[in-house]
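In what follows, every heavy atom counts, from backbone to side chain, and hydrogens, waters and symmetry copies are set aside.
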Number of protein chains: 2
Amino acid sequence: MQIVGSICAVSSSLNVGKASPMVHIGACIGAIMGQGGSKKFRLTWKWLQVFKNDRDRRDLVTCGSAAGIAAAFRAPVGGVLFALEEMASWWRSALLWRAFFTTAIAAIVLRALIDACLRGECGLFGKGGLIMYDVTSANISYHLRDVPPVILLAVIGGILGSIYNHLLHKILQIYNLVNEKGIAYKVILACCISISTSCLLFGLPWIASCRPCPSNTPEPCPTIGRSGNYKKFQCPPDHYNDLASLFFNTNDDAIKNLFSKDTDTEFHHSSMLIFFATCFLLSTFSYGIVVPAGLFVPVIVTGAAYGRLVGMYVGFATNLNHGLFAVLGSAALLGGSMRMTVSLCVIILELTDNLLLLPLIMLVLLISKTVGDAFDENIYDLIMNIKGFPYLEAYAEPYMRQLTVGDVVTGPLQIFHGIEKVGNIVHVLKTTKHNGFPVVDELPLSSYPVLFGLILRAHLITLLKKKSFWRMPAPLGADASLRFSADDFTKKGLGHGDQIGDIKLSKEELEMFVDLHPFTNTSPYTVVETMSLAKALSLFREVGLRHLLVIPSVSGGIPVVGILTRHDFMPKHILNLHPQLLQSRWRRLRFKLPRLR
Amino acid sequence: MQIVGSICAVSSSLNVGKASPMVHIGACIGAIMGQGGSKKFRLTWKWLQVFKNDRDRRDLVTCGSAAGIAAAFRAPVGGVLFALEEMASWWRSALLWRAFFTTAIAAIVLRALIDACLRGECGLFGKGGLIMYDVTSANISYHLRDVPPVILLAVIGGILGSIYNHLLHKILQIYNLVNEKGIAYKVILACCISISTSCLLFGLPWIASCRPCPSNTPEPCPTIGRSGNYKKFQCPPDHYNDLASLFFNTNDDAIKNLFSKDTDTEFHHSSMLIFFATCFLLSTFSYGIVVPAGLFVPVIVTGAAYGRLVGMYVGFATNLNHGLFAVLGSAALLGGSMRMTVSLCVIILELTDNLLLLPLIMLVLLISKTVGDAFDENIYDLIMNIKGFPYLEAYAEPYMRQLTVGDVVTGPLQIFHGIEKVGNIVHVLKTTKHNGFPVVDELPLSSYPVLFGLILRAHLITLLKKKSFWRMPAPLGADASLRFSADDFTKKGLGHGDQIGDIKLSKEELEMFVDLHPFTNTSPYTVVETMSLAKALSLFREVGLRHLLVIPSVSGGIPVVGILTRHDFMPKHILNLHPQLLQSRWRRLRFKLPRLR
C-alpha cells in the first residue's frame, strides 16, 4: 500500500518527499517481524518468535526506520543517527548496535544493487552512485570574511523554518477538519491539491523569460527529456527556460541542479524567488493529504532555493559559489524546521560528500536550530500533537516540578488479589480499559496486605482462555509451567490480541478461582506517592516503562495507591486536573508567533 | 601537565597516540569549568556557577572529551558520537545538543586556525587541511568479487583486536605491579621502554634492503627530512629504504604513507610484516607507562600495516589497491579492539573523506566487532577494570536476574532522624564513608516511621559548618532560606570539599539539635526489596543515579532497609556475597583465550 502510494505521489509531481514513506515501510517491516511474520501472507518463521515482546518490537521498528532513511538517502550512518535522535524515545547501547547492523546491511545491499545496475538497465536508479547530490569540488576555500553571510543565512533559515512549522501546523488542523467528514472529502481534497499543483507547475514557467544557452556547457543545452539542467519549454532554439528546468524535473534532479557549482549565472533572481515561494507553499499544502508523504525532500528543495536566493543577493561578498549556498540553505531550513543536529549533519554530509564544508554546515545548523527553538517546537512534535499520539516529551514541563505523583493519580484503582474469583476478573476487564493491574496478597495468604506485582490484561485474557480454574481458592503450585508454554504469553500483533468479549464462560466457571501468582510480574517499577512528578517522568522515560506503580508513603492500609501510564504524564491530562497551573508563571520561555488568523 | 607530557611522548617517537591525551585535556577543561573555574589560577567566572552541580559537570566532561576527539582527529561529528558511545554512561537528548555545540565550535576554531596557518608558518599543523589522511580517488570501484577478501580481513582483524586487548590487559597488570613500588620504578620503566623503542626503530631498518626509486613519482625520492614517502637511510643514491620510510616518520605521516594509493609496489612483504609486528608489540608496551598515552593512533597505524599485509597476499584477486586495504585494516583492528560502531565509522569517514568506501567499512566494522565480542571485552572496559574504577556495565550479568535487591544490601544502615542530634551526625560521618543517608521521621513528628528523603554527606558538612543548631529539637521553619544561600550547597571541586575532620565543634554544640528537613532531597528514587537486581541496575544506569533507596515490601517497622550505590552493583561485590553463583551456569557465553602464562 505505502509503496504503491508513495510511488504514485512522487511521480505525480506532488511536492512531497519519498523519505518518510520509506521510513514508514521500514518501520512496518520491523513491526511485522516483531509480530513473528504475517500469518495472513503465510510469512512466518520460527526464529522470529524470539522477538515477540515489547522491547524487541520497539527496537525492530526503530531499526526499520533507520534502514528506511538509509535506503532513501543512501545515507546509512545518517539513518542510524536519525532513528536515534528523532524516533527512539529511549536509548540503549544495544539499540545503537542493532540499528547500525540494519543500516550496514541496507547499505551493502544498496551498493550491490547499484553495482548490478551499472549498465543503466534500471532506469534512473543506477545514476549517481552512492552519493546522491555530489558537490565535491577539488578546492573549496572559504575564509573568515565568508562567515557573516553564512550566519545571516542561518538566522533567516531558522526563522523560515519555524514559520514553515507554524504554517504546516495550521494547515494540518484545517485538513483534519476536512478529513473527519469522510473518505470522499479526503479524496476530493487530494485531487484539488494535485490539480492546483499541476496548474502551478505548468503555469508558472510562462512567467519566466527565455534565456540564451551558455556556450561552453558539458550538458546538451535545450533538452526536452525528463532530466537535465536546461529545459526548452516553448523557447526558441538555443534558449532555455530556467524556471522550467527546476519545475519539470524530479525533486532529486532539481536538488542536483540547485547544488551544482559553476552555475551562478544559470538562474535568474525572479525565477528563483518564484520557485522558492512555490515550493514553500506547495510543500506545506501537500503534506497531510491522504497520500503517503514525506517532509525531508521538499524541505531540502525549498532550502536549496532559499540558499541560492541568499547567495544571489549577498554572494558577491564571498568566495562561495551559489551551489554551496544552496547546500547551506538546505541545512539552515532543515535545522530550522526539524531541529536535529548530528543526524542532519551526517545526512547532509552523506548526501553531498563534501567534508570540507562540514564546519560551515555545523555552524549553520547550530544557529538555525537555536533561532527556531526560540519560536516553536520541532515539526515532528507538532505533527504528533495534531494526530493526538501520547508522545512523551523528553523534558518535564516546569510545572511538573511543583507536583507530586500523588497529585495526578486518578480514578478508582482496580486491584486483584493473588487468588482471584474468575467473575471478578471478567467484570473488571469488561468495565475498564486498563492494561495493567496491581496484584495484592491479603489475609489468608499473608498477615497484612503486600504488593505482589503487576499483571497485564493480555496475560489475564490468556489465563481465562485456558480455563485452568479451581473450585476453591488454592495456589496453583508448580504445575503452572506444565499447563502453559511461554508462547501463550508472547506479545500479539496489533489488533490480533484476544478481546475479553470473545471469551465465553459458564456461570459455574465464573464462581471459580484462579491463581494469578505465577503469571504476575513480581518486580514492577514503583515510586512513592511523594515523588516529584518531574522525577517520575524521567524514570518513566529513561527506563521506557508502560506502567508505574505508585505506593503510599505511609505504611499500613493498601500497599498501592495508583498506577501511572503514559497518559497520566501528558500535559493535557495534568492541566485538566490542576487548571490553576495554566495561569501560573511556570511556562516555558518562548516567543510567540503572531496568530495567523 | 598533560599537554606538555603528551607533546614530549609523541615527539620522542614512543608508539603512543595523541588522541586520548587530547580527550583527557578536553575532559579536564570541562571539569574545571564544572568547578566554576580554578581558584588557584584565578580563573573564575560568575556565570560558571550555574554548572556547579553533578549533572552539568558530567555533561561538561563528556563535551570536553568530544571536543578533544574533534580536535585530535579533526573529526567533529565523530567526536560527538565517540563521546556518546563510549564515554557517556547515560544519555539525554540535551547532552547530544551540548556535545554537538562544543564540537561545532571546536571545528570552526580549528578551521579558522588552519586558515590562518595556510602560509605554512605553523610547521606541520597547516598541512593537510581539515582531512588528515585524504584518500579520495575519483573512481573507487569494487564489485561483489572484492567482498570475500574484505570479509577475511575483517575476521582476522577481529581476532587480532581481541588478542591485542588480551595482551594489553596482561601487560597493564604487570606494569601495575611495577608501578606500585614507587615513582623511581615508574621512571625506570618508562626509560626502558623508551630506549628499547628507539633501538628497535633505528635497528630494524638495517634488516630491510635498499630499493631503487620509482622513476615517475611526484615526490622527491630519497629524502632525509622528517616527512616524505622515501627515506634514504644509508642507501646509495636513487635508492630508498622502505622500512625506514615507515619508522622514521611521525605516526601521522606513516598512516598517510600506508593509506596512499598507487603505492602497491613501494613496500616489500617482509618490511611490512616487520613493521606490523613491531607496531603491534610497541603499542601494547608503550601504553600504561607514566606518560600520557593514547590508543587510537597506534591502533590505526598497526591496522593499516595489517591491512596492507593482507592486501599484498590476497590483493591480486581484487580491484582494491593496497591503500584502501590499509584503510579497511585500520577499521578492522579498531573495530576488533574498541568495539564501537557508528562513531568509528564516522571518525574513519572524517579522517579519510572517502564516502564511497562506507559500505565496505560498515561491513568490516560489523564483522570485526562481532568476532571480537566473541572473545573478550572491549579495551576500555578492560582498562577500567584494571584501574579499579567502579564503572557500571551496560548490561546486567545473567545471574543478576536470579537475585533480588534485598540479596545485595549489606552492612548496618545509618539512618538520621528528621531532627537529629549534632553529636550523632558527627559520629556517623566520622565512622562511615557513605555519601548519602536516608532521613526518617519518627514518633514526635509522625505517629509511625515515615521515609522523608535522602541527605548528602556534603550537605551535612555544610550544615555543621554553618552551625545553625538548636538547643531543643525544633523545626527550623521558613528562615532556612535566609540562613543559607544556594551557593553553599553547590557541588565542590574534586578534593575541594570540606572534610568532617576539619570542623571543630564544642562539647556544648555536640549536644544540640539540627533540623535536616529543609536540606533533604524529598523524592529519592526507591525500589522495593523484592525487585529483581537486573531491573534495579537498569533503573540505576538509565536514570543515572548515585544512590538508590531500598524500601521493605512488608509495611510496619523501619521504612527503609538499605541504600544501593554503584559499588553494590559491581560483579565483584555480588560474587563475594553469593560465591555459589561463581560455579553456576549463569555466565555470559564467551570463548576463552588460552592463558598466556
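Listed by chain and residue number, B:F452 satisfy the side-chain contact (heavy atoms from CB on, under 4.5 Å) test with B:T522 (two or more places apart in sequence, or in another chain). Shown here are the side-chain contact (heavy atoms from CB on, under 4.5 Å) partners of B:T102, two or more places apart in sequence or in another chain: B:C63, B:A67.
Only the side chain of B:I105 comes within contact range of chain A, judged by heavy atoms closer than 4.5 Å. Of the two parts of A:V346, only the side chain, counted from C-beta on, holds a non-hydrogen atom closer than 4.5 Å to a non-hydrogen atom of chain B. Looking at B:I361, neither its backbone nor its side chain comes within 4.5 Å of chain A, counting heavy atoms on both sides. With a 4.5 angstrom heavy-atom cutoff, B:T404 does not touch chain A via any of its atoms. The contact between B:V80 and chain A is made entirely by side chain atoms (from C-beta outward), counting heavy-atom distances below 4.5 Å.
With a 4.5 Å cut-off on side-chain heavy atoms, B:M531 and A:T526 do not count as touching. Using a 4.5 Å heavy-atom threshold, the side chains of A:V342 and B:V77 count as touching.
To the nearest 0.5 Å, atom OG1 of residue A:T530 and atom CG of residue B:L451 are 7.5 Å apart. Put simply, CZ on A:F101 and NZ on B:K369 are 12.0 Å apart, with the number rounded to the nearest 0.5 Å. Here CH2 of B:W97 is found 8.5 Å from CG of A:L365. Values are rounded to the nearest 0.5 Å. Here the CD-CG distance, from B:E350 to A:L349, works out to 6.5 Å after rounding to the nearest 0.5 Å. Rounded to the nearest 0.5 angstrom, B:S523 OG and A:L533 CG are separated by 10.5 Å.
A donor-acceptor contact shorter than 3.5 Å links the side chain of A:Y525 to the backbone of B:K535.
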* To do: Under the side chain to side chain contact (heavy atoms under 4.5 Å, CB included) rule, what do B:V147 and A:I108 come out as? Steps first, then yes or no, please.
  => CA-CA 10 Å; B:V147 172; A:I108 293 159; over 6 Å; no

